[in-house]
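Quick notes on the structure that follows.
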There are 2 protein chains.
Amino acid sequence: MRASEILIHKRDGGILSTEQLRFLIHGYLDGSIPEYQISAWLMAVYFQGMNEDETGVLTREMIASGDTIMLGPGVRPYVDKHSTGGVGDKVSLILAPLAAACGVAVPMMSGRALGHTGGTLDKLDSIPGYQSVLAPERFAAIVAEVGFAMTGQSERIVPADRKLYALRDVTATVESIPLITASILSKKFAEGAEALVMDVKCGSGAFMKTPEAARKLAEALVRTGASLDREVVAVLTRMDEPLGAMVGNFLEVEESCRVLAAAETPALVFDQPAFSDRRLADLLEVTLHLTAWMIVLGGKARDHRAALDLAHARLIDGSAYRAFCANVEAQGGSVADLEAGLGVRRAPVVHELRTECGGVVHEIDAYRIGMAGVDLGVGRNRAEDSVEPHVGLELLVKRGERVEPNTPLCRLYATNETAMAAAIARTAGAFVIGGAEAGGAVPQSSSWIIEELHELE
Amino acid sequence: MRASEILIHKRDGGILSTEQLRFLIHGYLDGSIPEYQISAWLMAVYFQGMNEDETGVLTREMIASGDTIMLGPGVRPYVDKHSTGGVGDKVSLILAPLAAACGVAVPMMSGRALGHTGGTLDKLDSIPGYQSVLAPERFAAIVAEVGFAMTGQSERIVPADRKLYALRDVTATVESIPLITASILSKKFAEGAEALVMDVKCGSGAFMKTPEAARKLAEALVRTGASLDREVVAVLTRMDEPLGAMVGNFLEVEESCRVLAAAETPALVFDQPAFSDRRLADLLEVTLHLTAWMIVLGGKARDHRAALDLAHARLIDGSAYRAFCANVEAQGGSVADLEAGLGVRRAPVVHELRTECGGVVHEIDAYRIGMAGVDLGVGRNRAEDSVEPHVGLELLVKRGERVEPNTPLCRLYATNETAMAAAIARTAGAFVIGGAEAGGAVPQSSSWIIEELHELE
């Protein structure tokens, strides 16, 4: 077998066999196939694609490149959730304990903030004492004990993905649906997940800007999952404005606690059919919807409607918050210390951005808000940068709201004036406010769920 | 400027600027841009192409990567011919001295046999004493003195092409029109050619199998030439059966001498409108047609028709053969030794292949004949293989001829029985002979010139 012949085959639109893909990946990892052939193959895949079986084989080979976490014969199947990344996306912080409270075992492996998108690990690290990186044995033990555990990708899991991603990053081949699919699924399945709920975000603050692009990725994820005999449900959700009100690390932990502790904090209980704080309507809908799919895949409800009811009940009765607290303690954090900081721990430099003119909030550009977060230190431009726990911003209005002149739009928290100045400039451009004539009526979104894909033909 | 951004731009169908292309090529040559980015760029170019200005810039940058031959202020412009490669293609051996005899200065740089296609340098090397690789100064001196000189590509001319070609060869990016165009033109222009006649061969024995593919390359060559202010004429010629009767190294030198010495060997003079030997009709038409374009580009005739008359006259009056002999002597060969070998120097193992059944010769597959040549040692499979001077085959019939059962089809010359056996098996499959019912009438081709491109809009 020769690498150049495999490249010709893919370049000309052919389907690669299991042996050919294995030859390429093994050769890449053991150094017998040079990077210049792999990068040419990646570019050919960018143009010619891969079908679900090819993507499945690639996923399997990537998993085989490293260790896999064995979670033991506990509550099966193990179900995880993954998001393509968004702004203000604290869904995992609520969904994992809520699904666990509903009896689903959730081994969750998350990432760090990069560019305008936030990272669950960075959020968890803002909890005093919390250990967001666990040894595989400890990770498995916490899943068994608490029902869910949170960790980051270890160096020893799917090393092929790290190597391949680094090459894709410098060869203009990141934006390939089958390569993205194999990257996501290999990590999730190597970490012990047996079924997966995918949150494919779509809009200005998402990796996928259009529903068409998001649907293609969603389809590839579901079909490749099926090719690997794993159930994958993909839900397309809106990411045009930040999810919820908070964008920050500790700020988002705080917002998650507000949702989880709703039953115990009377001011925050459900005001049916949504929370009294309408800024959280999108967060709640998306989180409950995804959690319900976790419950269905975990076999704890007969259908999505029943699962939604179950999730709702476990949120109201406080068991989700108790699962969250149990996890915080199990992963080395202090619940008392965390609760003492809620609403209190804020970076010192504060600014309230107000609108000059009145009108309707047409747009709160999630990408710009995310980049303002980077200015403040919520996220990072480069993987080696560090982040700040207590900076960020709180949206005081959401899309579709009518505002008077001089209404506060959002509150920013920074560690210093320089960062604040940059973030203010960026945030100001994120809000588009106009009269009815400037773009017509902006109806409030009736739903943040665009579409869901499951068991495709 | 970052290489990965340039890759994204080309991947997405953008046009690269002069600065971007320069950055890539310089970075590749000085090692600051790794090969894995260049190979990804090559694959993106394979899919997205390059326009004539991009191809022109690439050509210019490749020329600038090495030395250029300065030919001095002699007979201008210097005109060269290049062929995309065929079987039995000895056009250069006749065209160069004929154009020189018509007053055109021809600095000809040729290649070696590879795969089924022959190489002019290997043919010249079969002339006793002939030095086919010349130092630049000697090359320039012989062009000035004899009117033409023949040499191979030096290591110091267009090193970027050698480096890039080696990478393309292993990354499935050889078959890209703009990359082929830049490779051809950079070598030709660096070697001193100021105008170029391109023989774009088309058919089973050619790199381009269809007229459509050949036309695309021809157009790119003419347009890129114009973008570089160089006149390029591209002629599409048939390469379905071998050109002329001989396929071999010394055998093709011999056939070229037969054509050039026609006037002095009465049995071989023109039998108007073609030679008396109808097996040479295609060779003569293609050679005279291309030579006439050399004469037009060299400014020695007002139009192609007048140029054809001039070429004809210089062939008949023996001046082309005299130019050929002067070149042989100037490049270290012995004309007496060469002439003594004509019709005599043959590899020892001889076989005559005959047809069992009678009928019309529908096809003589040039690719198979070329590969039989490789079996015999005319050409080589790998660049490092050596070739044999006196092996090869002589076609005794050509396409469209009617043959009786047991008619000899071709004569093979080998150095040993093993090579002969392989070549016979291959050659037998090249001839397709049938009755009128097996494919209808096969009209003799009226012309081997398919189309010509010059001064495109």
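Labels below follow one simple rule: chain letters A, B, ... track the order of the sequence lines, proteins then strands, and each chain is numbered from 1.
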*Close approach to chain B in residues 40-49 of chain A, criterion heavy atom under 4.5 Å*: A/Ala40, A/Met43, A/Ala44, A/Tyr46, A/Phe47, A/Gln48

*Do other residues, nucleotides or ligands put more than 12 heavy atoms under 6.0 Å from the NZ atom of B/Lys209?*
yes

*Which portion of A/Asp12 sits near chain B, non-hydrogen atoms under 4.5 angstrom*: side chain

*With chain B, which of A/Thr173, A/Val170, A/Ile8 has the greatest number of heavy-atom pairs at distances under 4.5 Å?*
A/Val170

*Which distance, rounded to the nearest 0.5 Å, do you find between the CG of A/Leu167 and the OH of B/Tyr36?*
7.0 Å

*Do other residues, nucleotides or ligands put more than 12 heavy atoms under 6.0 Å from B/Lys216 NZ?*
no

*Identify the heavy atoms of A/Ser4 and B/Ala172 that sit nearest to each other, and give their distance.*
O-CB, 4.2 Å

*Using a cut-off of 6.0 Å, state whether more than 12 heavy atoms not belonging to B/Tyr367 lie near its atom OH.*
no

_Quick check: under 4.5 Å, non-hydrogen atoms only, which of residues 154-162 of chain A neighbour chain B?_
none

